[in-house]
Amino acid sequence: WANINNNFIHSTINTILSGSKSKIFAGTFFGGLYRSDDNGSSWVAVNNGLSINGFTDGNINDIIENSAGYLFASAGYWESEVYRSTDGGENWEQSLGYSQTASSYIGSLAVNSDGDVYAGAYAKLMHSEDNGVNWTAINLPFTYEVAAVAVNPYGHIFVAAYTEGVYRSTDNGAAWSLIGFQNNWMKVLEINSNGVIFVGTDVGLFRSLDNGSNWTQITDFQIRDVTFDKNGFVYVSTDKVYRSTNNGDTWTEISTGLP
């Protein structure tokens, strides 16, 4: 690993997006949003328009890009809102306001193959079918903040609710099924392009090969994040970074160069 923190004013990174047109975005903890156009060699702040109720606290919770090329960022720690950019992050406009959700924290965003956008709020999932112009609320079967939301290649929605379990909907949120983890602390929920589901808990990483019906524990250490590359390799972070080339059956530590 090589340090590519050039120009960051804050070193704690909440979220990273490898977007289209070779642009990389890094959202920080109270340090704003940054973009690199040269594979991380240099970074520039791209916060124009990211104002939370008239002020910017600089906390970027998540950032995603849909199939139409629109960027969406969840910003704000105490009162989160969702912002949209149509020009690669140069400018941002409010897409989903606090008054529409009354949710203190929107920590996770997701998109489906049609470009629909989902934002996890308190006890509900906000859904937009028109690139963030309009949003509708999908009620969830728990009264808790959403820790993570993900959509599989078939359009099935999965929601993790910290200690309340993981829920699945196969009908765009009309009905939900509890599929496990109601006694675990969860922060990570990711699905790869083949529909394999990974859930990170306080006791380790779990994997499902059958849409959440059955789970196999594949690590015994707490996971902070999971991501995938174009080859289908799985990467997880704890206090170290590990890579798996076989969907988590075996792991190789790749932390050389990290602090």
Side-chain angles (χ1 to χ4, degrees), residues 1-6 8 10-20 22-29 34-43 60-65 107-111 147-154 156 158 160 162 166 179-181 183-259:
W1 291 87
N3 190 322
I4 56 171
N5 285 332
N6 297 333
F8 277 133
H10 200 292
S11 60
T12 301
I13 310 299
N14 286 337
T15 183
I16 292 179
L17 170 69
S18 180
S20 62
S22 301
K23 298 181 186 295
I24 305 171
F25 295 85
T28 70
F29 182 68
Y34 290 80
R35 186 188 70 208
S36 175
D37 299 327
D38 54 12
N39 292 316
S41 296
S42 62
W43 298 85
I60 307 299
N61 305 312
D62 201 5
I63 179 170
I64 58 170
E65 183 176 14
S108 183
L109 305 172
V111 296
V149 56
V151 185
N152 73 5
Y154 317 107
H156 301 167
F158 295 79
Y162 290 111
V166 174
I179 57 174
F181 304 102
N183 296 315
N184 295 106
W185 176 266
M186 293 163 297
K187 184 64 173 69
V188 180
L189 170 63
E190 297 289 346
I191 304 175
N192 71 12
S193 59
N194 294 319
V196 180
I197 309 168
F198 297 85
V199 171
T201 76
D202 53 346
V203 297
L205 183 67
F206 292 79
R207 179 188 67 196
S208 176
L209 303 175
D210 56 6
N211 211 34
S213 296
N214 296 280
W215 298 91
T216 301
Q217 186 169 359
I218 54 176
T219 78
D220 58 2
F221 46 81
Q222 185 173 352
I223 299 298
R224 294 186 178 133
D225 202 5
V226 177
T227 191
F228 318 103
D229 68 14
K230 63 182 179 181
N231 298 311
F233 296 172
V234 186
Y235 299 82
V236 300
S237 62
T238 60
D239 54 344
K240 300 176 181 178
V241 177
Y242 295 86
R243 177 183 63 210
S244 175
T245 62
N246 51 18
N247 273 334
D249 288 336
T250 58
W251 298 92
T252 301
E253 183 187 337
I254 55 169
S255 302
T256 301
L258 291 176

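Throughout, residue positions are numbered sequentially from 1 according to the sequence presented.
Annotation for V149 and A110: closest pair O-CB, 3.6 Å, computed over non-hydrogen atoms. Among all heavy-atom pairs drawn from S193 and P153, the shortest one is O-CG, 3.3 Å. When all heavy atoms of T250 and S244 are compared, the pair lying nearest together is O-OG, 2.8 Å. When all heavy atoms of V111 and V151 are compared, the pair lying nearest together is O-CB, 3.9 Å. Scanning all heavy atoms of the two residues, the minimum distance from L109 to D62 falls at N-OD2, 2.8 Å.
Atom CZ of residue F25 and atom CD1 of residue I64 lie 12.5 Å apart, to the nearest 0.5 angstrom. Atoms NZ and OG, from K230 and S18 in turn, are 10.0 Å apart once rounded to the nearest 0.5 Å. Atom CZ in F221 sits 7.0 Å away from atom CH2 in W251 (nearest 0.5 Å).
Side chain of S36 to backbone of I24: no donor-acceptor contact under 3.5 angstrom is found. Side-chain atoms of D229 come within 3.5 Å of backbone N or O of N231 as a donor-acceptor pair. At distances below 3.5 Å, at least one donor-acceptor pair connects side-chain atoms of N192 with backbone N or O atoms of N194. D37 places no side-chain N or O within 3.5 Å of a backbone atom of K23 that could act as its donor or acceptor partner.
Between T201 and F206 the shortest side-chain heavy-atom distance falls below 4.5 Å. The shortest side-chain heavy-atom distance between Y242 and K240 falls under the 4.5 Å cut-off. For the pair F29/I60, no side-chain contact is recorded, criterion being any heavy-atom separation below 4.5 Å from C-beta on. Side chains of F158 and I197 form a contact here, defined as non-hydrogen atoms less than 4.5 Å apart. Side-chain contact check for M186 versus V166: some heavy-atom pair is nearer than 4.5 Å. Counting heavy atoms from C-beta outward, T238 and I223 have side chains that approach closer than 4.5 Å. Side-chain atoms of V236 and L205, non-hydrogen and from C-beta on, do get closer than 4.5 Å to each other. Looking at W185 and Y162, their side chains come closer than 4.5 Å, going by heavy atoms from C-beta outward.
F198 and F228 have tilted rings, their planes meeting at an angle from 30° to 60° on a 0 to 90° scale.
Side-chain polar atoms of D225 and S237 form no donor-acceptor pair below 3.5 angstrom. In summary, the side chains of E65 and S20 do present a donor paired with an acceptor at a separation below 3.5 Å, with no hydrogens or angles considered.
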Apply the test side chain to side chain contact (heavy atoms under 4.5 Å, CB included) to residues N247 and V234: give CA-CA distance (whole Å), side-chain angles for both, the deciding distance (0.1 Å), then the verdict.
CA-CA 6 Å; N247 273 334; V234 186; 4.2 Å; yes
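Under the side chain to side chain donor-acceptor pair (under 3.5 Å) criterion, the residue pairs touching residues 204-222 are N152-N211, H156-N211, R207-D249, S208-D210, D210-N214, with sequence neighbours excluded.
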